[in-house]
Amino acid sequence: MSYKTRVVVLLFVVQIVTLCTRSAIGAETANFCYLPTEQNVAYADVIELPVQRPSKILEYGDNALQFGELWLPKNQHPGASPLVVLIHGGCWLNTYNINHTHALSTALAHVGYAVWSIEYRRTGDDGGGWPGSLRDIEKAISYIMNIKSADFDATNVALVGHSAGGHLALLAGSSLTDTPSIKGVIGLAAITDVTKYARGNNSCQTATSKFFDAMPSDAPNTYKLANPAQKKNHHNTILIHGSKDNIVPIAHSSYLPSASSVTITGAGHFDMIHPGTESFQALLRQLATLF
């Protein structure tokens, strides 16, 4: 059975019987299910979910924040699993770290993917903001694709980013469109036009000028350089967005004409990283098209 066929079968199973996992970690045994949930979940609903621990933590740089968590699927043949490079969001701010995507990493590993979840310097960190945050992401991607490992298939890689992490994933993907190993880029509630986003007034939109240390009117060339809407995006770019997202307006799913767009009616911003939602099922379906 091909990997793609196995993923499709797993999708069917997940949709019918919910996503459950059992893991043994030393003397500990964790049993839990990611039960189907109503749409438009809150951030608190996500961070309260039970999670597994990553299989490995690897440093891709010298700074304390330059590390990634490698999550490996259980019961897979070594090297057979495609690799999902996951970039967390959080308005580019160091207030939000890698921990809030642990449930998403756990669930992706449970259905058979290896996950390289990247921590990086953000606004408020020495060296974070623009362009340091993107440089960290690029360095972390290069690191994982060039290490010698039998734990995953480094020739089958997808970049997945949520919110501000989606912005960084799109930018990183635009420079890797001719790299055969990168099969596609998936933006989950991704910020696709930073110039438009910076002009908004919610708390995440107002963080844009902090990330760039300027408003678009003061640094138009910087915003152009950092704007997925003004880039040649990866030829396999997919945007998944909820119709009730009040942090990144759903209009951002229409700013990249060359991208495929999937709208989840009734979903909010954090549905994208909650394994019990229809948005997670949509992510699995789109990943299955890339590998």
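Predicted, not measured: the structure shown is a model, and the values here were computed from it.
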Residues that R199 engages under salt bridge (Lys or Arg N to Asp or Glu O under 4.0 Å), provided they are two or more places apart:
none
How long is the gap from CG on L58 to CD1 on I118, to the nearest 0.5 Å?
11.5 Å
Could you check if a side-chain atom of Y120 sits within less than 4.5 angstrom of a side-chain atom of I87, using non-hydrogen atoms only?
yes
Which residues share a ring-ring contact (aromatic ring centres under 6.0 Å, His included) with H274, sequence neighbours left out:
none
Check: L256 main-chain N/O paired with T192 side-chain donor or acceptor under 3.5 Å:
no
Give a yes or no on whether the backbone of S174 and the side-chain of T177 come within a donor-acceptor separation of less than 3.5 Å.
no
Output every pair passing disulfide bond (SG atoms under 2.5 Å apart) with a member in residues 107-162, not counting sequence neighbours, ordered by first then second residue.
none
Residue that, paired with I238, satisfies side-chain contact (heavy atoms from CB on, under 4.5 Å) out of V185, L188, L290
L290
Output all residues satisfying ring-ring contact (aromatic ring centres under 6.0 Å, His included) with H167, sequence neighbours left out; order by chain, then residue number.
W92
Rounded at 0.5 Å granularity, tell me how far CD1 in I186 sits from CE in M272.
12.0 Å
Who passes ring-ring contact (aromatic ring centres under 6.0 Å, His included) against H100, sequence neighbours left out?
Y43, H88
Please evaluate residues E278 and D271 with respect to the criterion side chain to side chain contact (heavy atoms under 4.5 Å, CB included), reporting the C-alpha separation (whole Å), side-chain torsions for both, the decisive distance (0.1 Å), and the verdict.
CA-CA 8 Å; E278 167 57 27; D271 291 46; over 6 Å; no
Where the side chain of S81 meets the backbone of F152, is there a donor-acceptor pair that is under 3.5 Å apart?
no
Listed partners of K183 passing side-chain hydrogen bond (donor to acceptor under 3.5 Å, both in side chains), at least two apart:
none
Determine, using the 4.5 Å side-chain heavy-atom cutoff (strictly less than), whether L168 and L225 are members of one ILVMFWY cluster.
yes
If two hydrophobic side chains count as joined below 4.5 Å and joins carry through other members, does V51 share a cluster with I57?
no
Hey, does L171 have a side-chain heavy atom less than 4.5 Å from the side chain of P228?
yes
Side chain to side chain contact (heavy atoms under 4.5 Å, CB included) with N246: which residues, sequence neighbours excluded?
none
If you define the side chain from C-beta out and look only at heavy atoms, does anything of K231 sit under 4.5 Å from L170?
no
Quick one: side chain to side chain donor-acceptor pair (under 3.5 Å) pairs with a partner in residues 203-224, sequence neighbours left out?
N202-Q205
All heavy atoms of A103 vs all of P275, minimum pair found to be O-CG, 3.5 Å
Report yes if the side chains of L104 and V160 come closer than 4.5 Å at any heavy-atom pair, otherwise no.
no
Taking side chain as C-beta onward, heavy atoms only, is E119 less than 4.5 Å from N97?
yes
So which atom in N233 and which in T237 form the shortest heavy-atom distance, rounded to 0.1 Å?
CB-OG1, 3.8 Å
Expected output: side-chain D153 to main-chain P82 donor-acceptor under 3.5 Å:
no
What disulfide bond (SG atoms under 2.5 Å apart) pairs are there with at least one residue in residues 209-287, not counting sequence neighbours?
none
Measuring from atom OG1 of T101 to atom CD1 of I273, what distance do you get when rounded to the nearest 0.5 angstrom?
7.0 Å
Closer than 3.5 angstrom, by distance alone: can the side chain of R122 be matched with the main-chain N or O of Y96 as a donor-acceptor pair?
yes
Under 4.5 Å between side-chain heavy atoms, counting indirect links through other Ile/Leu/Val/Met/Phe/Trp/Tyr residues: same cluster for L72 and Y143 or not?
yes
Short side-chain to backbone donor-acceptor contact, D136 and R121, under 3.5 Å:
yes
Could you give all pairs that pass the disulfide bond (SG atoms under 2.5 Å apart) test and reach residues 168-237, with sequence neighbours left out?
C91-C204
Validation row: F212, V194 side chains within 4.5 angstrom (heavy atoms)
yes
Same cluster for L65 and I144 if Ile/Leu/Val/Met/Phe/Trp/Tyr side chains link at under 4.5 Å?
no
Answer yes or no: is there a side-chain heavy-atom contact under 4.5 Å between F270 and I247?
yes
Of the non-hydrogen atoms in A158 and L287, which two are nearest, and what is the gap between them?
CB-CD2, 4.0 Å
Interatomic distance, CD1@I264 vs CD1@I240, rounded to 0.5 Å, equals 6.5 Å
Test H241 against S261 for side-chain hydrogen bond (donor to acceptor under 3.5 Å, both in side chains), laying out the working first.
CA-CA 8 Å; H241 219 111; S261 180; over 6 Å; no
Run the numbers on L159 and H234 for side chain to side chain contact (heavy atoms under 4.5 Å, CB included), then give the verdict.
CA-CA 10 Å; L159 309 185; H234 192 280; over 6 Å; no
Show your reasoning for whether side-chain hydrogen bond (donor to acceptor under 3.5 Å, both in side chains) applies to H102 and E69.
CA-CA 9 Å; H102 279 176; E69 297 175 340; 2.9 Å; yes
Heavy atoms of G268 and N40 approach each other most closely as CA-OD1, 3.3 Å
Applying side chain to side chain contact (heavy atoms under 4.5 Å, CB included) to M145 and I182, what does each step give before you reach the verdict?
CA-CA 10 Å; M145 292 182 65; I182 304 295; 3.6 Å; yes
Tell me every residue that passes salt bridge (Lys or Arg N to Asp or Glu O under 4.0 Å) with D193, counting only those two or more places apart in sequence or in another chain.
K196
One pair to check against side chain to side chain contact (heavy atoms under 4.5 Å, CB included): L284 and L108. What are the steps and the verdict?
CA-CA 8 Å; L284 294 184; L108 287 170; 3.9 Å; yes
Classify the angle between the aromatic ring planes of H252 and Y197 as parallel (below 30°), tilted (30 to 60°) or perpendicular (above 60°).
perpendicular
From I98 CD1 over to S117 OG, what is the distance, rounded to the nearest 0.5 angstrom?
3.5 Å
To the nearest 0.5 Å, what is the distance between NE2 on H162 and OG on S279?
9.0 Å
Pair listing, disulfide bond (SG atoms under 2.5 Å apart) test, anchored in residues 131-170, at least two apart
none
Would a 4.5 Å heavy-atom cut-off, applied to side chains only, mark W116 and I141 as touching?
no
Taking the six-membered ring for Trp, are Y113 and F291 closer than 6.0 Å centroid to centroid?
yes
Is D45 reaching over with its side chain to a backbone N or O of A42, donor-acceptor style, under 3.5 angstrom?
yes
Please check: side-chain N/O of S181 versus main-chain N/O of N156, any donor-acceptor pairing under 3.5 Å?
no
